Amino acid sequence: MATQAHSLSYAGCNFLRQRLVLSTLSGRPVKIRKIRARDDNPGLRDFEASFIRLLDKITNGSRIEINQTGTTLYYQPGLLYGGSVEHDCSVLRSIGYYLEGLLCLAPFMKHPLKIVLRGVTNDQVDPSVDVLKATALPLLKQFGIDGESFELKIVRRGMPPGGGGEVVFSCPVRKILKPIQLTDPGKIKRIRGMAYSVRVSPQMANRIVDSARSILNKFIPDIYIYTDHMKGVNSGKSPGFGLSLVAETTNGTFLSAELASNPQGQGAAVLPEDLGRNCARLLLEEIYRGGCVDSTNQSLALLLMTLGQQDVSKVLLGPLSPYTFCVPSGWFPSWF
């Protein structure tokens, strides 16, 4: 196993994705040891290995070494190259798991990135493609990352465990980020949503919409929840349904919540009425938490602020999510 004196060293599998993304942005090699060393099934999981392969595809000259048991990883980042890329994601995690990393890296490529990702588009673990499209992209636009080629398109939906979904993400290159001043979230002016269903009755989506509106209509009249029922090859390989909701404020803040049905053959069956009501309550809880960035995108906002000018940007956040707490130290200047 290659070692270098100036590489950062960590132990354990926690925050693996963040460490690799920050290593790529800073150009500092990283060595991670004892990855699930005491587990019955030690080493990297398939979805983590898939993320490492994705980093290898979008960079040029990266050096990756993994020991025989998969418990030690050495990663020396190469140049962020970009270009046209295709990647088959592991179905153990959704495409959102990979997109969260790409959103941090895409603006700093040598060439504009256009990537096709295949796998699970909506699950119960990671942010869905719908939520990232509705919340993360507007946040990036606040930092000056915008243009005709900046889009996230859902071609096919895929639910766990089979997957079969496909999305296209394209992002222009921006070497300098605009500073932001997000200190006043404003008042909620509208709520939008997407109720989707695949390989089940189209009525499922309508039942979700009715139940969600039964709660949200008490607070605001401007509510529109779209229904998306994909058929045939566009519906992926497994049945399922779900709902994503986004509240927009008068100052351009987007707050989100989402729920998806249990994967086929796992857990108890979920009624669409219960799912719609619970998702509406999650959105109300997110609004109650406050802040100019929702829980899903807190870490993205803080990272982009760190990469921008010193002591210029300000952002108001609600209670920090566990994911936001765990950005590893030692990567960037101490002024952040």
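Note that the coordinates shown come from a computational prediction; the quantities given were computed from them, not determined experimentally.
- Between I287 and A247 the shortest heavy-atom distance is CD1-CB, 4.0 Å.
- Shown here are the side-chain contact (heavy atoms from CB on, under 4.5 Å) partners of L16, two or more places apart in sequence or in another chain: L20, I32, L44, E48, L73.
- A donor-acceptor pair under 3.5 Å is formed between the side chain of K175 and the backbone N or O of M109.
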#### Entry: Derivation and outcome, salt bridge (Lys or Arg N to Asp or Glu O under 4.0 Å), residues K178 and D146
CA-CA 11 Å; K178 286 168 53 178; D146 199 0; over 6 Å; no
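- Checked against side chain to side chain donor-acceptor pair (under 3.5 Å), E151 has no partners two or more places apart in sequence or in another chain.
- Between Y98 and S90 the shortest side-chain heavy-atom distance falls below 4.5 Å.
- Contact check for P77 versus T59: no side-chain heavy atoms found under the 4.5 Å cut-off.
- Grouping the Ile, Leu, Val, Met, Phe, Trp and Tyr side chains by contacts below 4.5 angstrom, directly or via other members, places I220 with L282.
- Between D222 and R192 there is a salt bridge, since a side-chain N of the basic residue sits under 4.0 Å from a carboxylate O of the acidic one.
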### Task
Tell me, with the steps shown, if H87 and S50 meet side chain to side chain donor-acceptor pair (under 3.5 Å).
CA-CA 9 Å; H87 184 69; S50 180; 2.9 Å; yes
#### Entry: Audit row: F15, V21, side-chain contact (heavy atoms from CB on, under 4.5 Å) steps and yes/no
CA-CA 10 Å; F15 326 132; V21 166; over 6 Å; no
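- With rounding to the nearest 0.5 Å, the separation of CZ in F47 from CG in L54 is 14.5 Å.
- L303 has its side chain within reach of L22: a pair of non-hydrogen atoms, C-beta onward, lies under 4.5 Å apart.
- In this structure a side-chain-to-backbone donor-acceptor pair under 3.5 Å is missing from D126 to G96.
- The backbone N or O of Y97 sits less than 3.5 Å from a side-chain atom of R17, completing a donor-acceptor pair.
- Residues Y81 and V116 are members of separate hydrophobic clusters, defined by side-chain heavy-atom contacts under 4.5 angstrom among Ile, Leu, Val, Met, Phe, Trp and Tyr.
- Side chain of T249 to main chain of G186: no donor-acceptor pair is present (N/O by atom type, distance under 3.5 Å, no hydrogens or angles).
- A donor and an acceptor atom, one from each side chain of S201 and H229, are nowhere located under 3.5 Å apart.
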### Query
Should E86 and R118 be marked as a side-chain contact (heavy atoms from CB on, under 4.5 Å) after you check the CA-CA gap, both sets of side-chain angles, and the distance that decides it?
CA-CA 8 Å; E86 294 188 11; R118 300 185 184 92; 3.0 Å; yes
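- Of the possible donor and acceptor atoms, one in the side chain of S170 sits under 3.5 Å from a partner among the backbone N and O of S149.
- Cluster membership for F254 and L304, using ILVMFWY side-chain heavy atoms within less than 4.5 angstrom, is not shared.
- Listed by first and then second residue, the side-chain hydrogen bond (donor to acceptor under 3.5 Å, both in side chains) pairs that reach into residues 254-264 are Q124-N262, S128-E258, S256-D294, sequence neighbours excluded.
- Linking ILVMFWY side-chain heavy atoms closer than 4.5 Å, directly or via other members, places L137 and L245 in two distinct hydrophobic clusters.
- Note that CG of L92 and CG of D123 are 10.5 Å apart. Values are rounded to the nearest 0.5 Å.
- Between L300 and C104, the shortest heavy-atom contact is CD1-SG, 3.9 Å.
- With sequence neighbours left out, the salt bridge (charged side-chain N to carboxylate O under 4.0 Å, His left out) criterion links R174 to no other residue.
- Using a 4.5 Å cut-off between side-chain heavy atoms of Ile, Leu, Val, Met, Phe, Trp and Tyr, with links allowed through other members, L113 and L79 fall into different hydrophobic clusters.
- Sparse packing is recorded around CD of Q68, with 12 or fewer heavy atoms of other residues, nucleotides or ligands lying under 6.0 Å away.
- The backbone N or O of S321 sits less than 3.5 Å from a side-chain atom of Q298, completing a donor-acceptor pair.
- The side-chain heavy atoms of L284 and I215, taken from C-beta on, include a pair separated by under 4.5 Å.
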### Task
Using the side-chain contact (heavy atoms from CB on, under 4.5 Å) rule, take L140 and L103 through it: C-alpha gap first, then chi angles, then the decisive distance, then the call.
CA-CA 8 Å; L140 289 173; L103 289 169; 3.6 Å; yes
### Task
Give the C-alpha distance, both sets of side-chain angles, the deciding distance and a yes or no for side-chain contact (heavy atoms from CB on, under 4.5 Å) between V129 and F169.
CA-CA 10 Å; V129 181; F169 174 58; over 6 Å; no
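- Remark: N251 CG to L182 CG distance equals 9.0 Å, nearest 0.5 Å.
- With rounding to the nearest 0.5 angstrom, the OG atom of S9 is 4.0 Å from the CZ atom of R33.
- The side-chain heavy atoms of P160 and V91, taken from C-beta on, include no pair separated by under 4.5 Å.
- Residues satisfying the side chain to side chain donor-acceptor pair (under 3.5 Å) test with S244, not counting sequence neighbours, are none.
- Annotation for R19 and A11: closest pair NH1-O, 4.0 Å, computed over non-hydrogen atoms.
- Looking only at distances, a side-chain donor or acceptor of S62 sits under 3.5 Å from a matching main-chain atom of G78.
- Rounding to the nearest 0.5 Å places NZ of K31 at 14.0 Å from OG of S23.
- Here the closest heavy-atom approach between residue R93 and residue V120 is recorded as O-CB, 4.3 Å.
- Contact of the E248 side chain with the K189 side chain is registered, since non-hydrogen atoms from C-beta on lie closer than 4.5 Å.
- A donor-acceptor contact shorter than 3.5 Å is absent between the side chain of Q309 and the backbone of L177.
- Looking at heavy atoms from C-beta onward, I225 lies out of side-chain contact with I208 at the 4.5 angstrom threshold.
- Take D228 and apply the salt bridge (charged side-chain N to carboxylate O under 4.0 Å, His left out) test, not counting sequence neighbours, and it matches R157.
- Within the model, atoms CD1 of I188 and CG of L283 stand 7.5 Å from one another, a figure rounded to the nearest 0.5 Å.
- Contact detail for P172 and P112: the closest heavy-atom pair is CA-CB, 4.3 Å.
- In this structure, D184 and L316 have side chains that are not in contact, with every pair of non-hydrogen atoms separated by 4.5 Å or more.
- Here the options are N297, D130, T296, the test is side-chain hydrogen bond (donor to acceptor under 3.5 Å, both in side chains), and the partner is T135; only N297 passes.
- Annotation for G70 and I66: closest pair CA-CG2, 3.7 Å, computed over non-hydrogen atoms.
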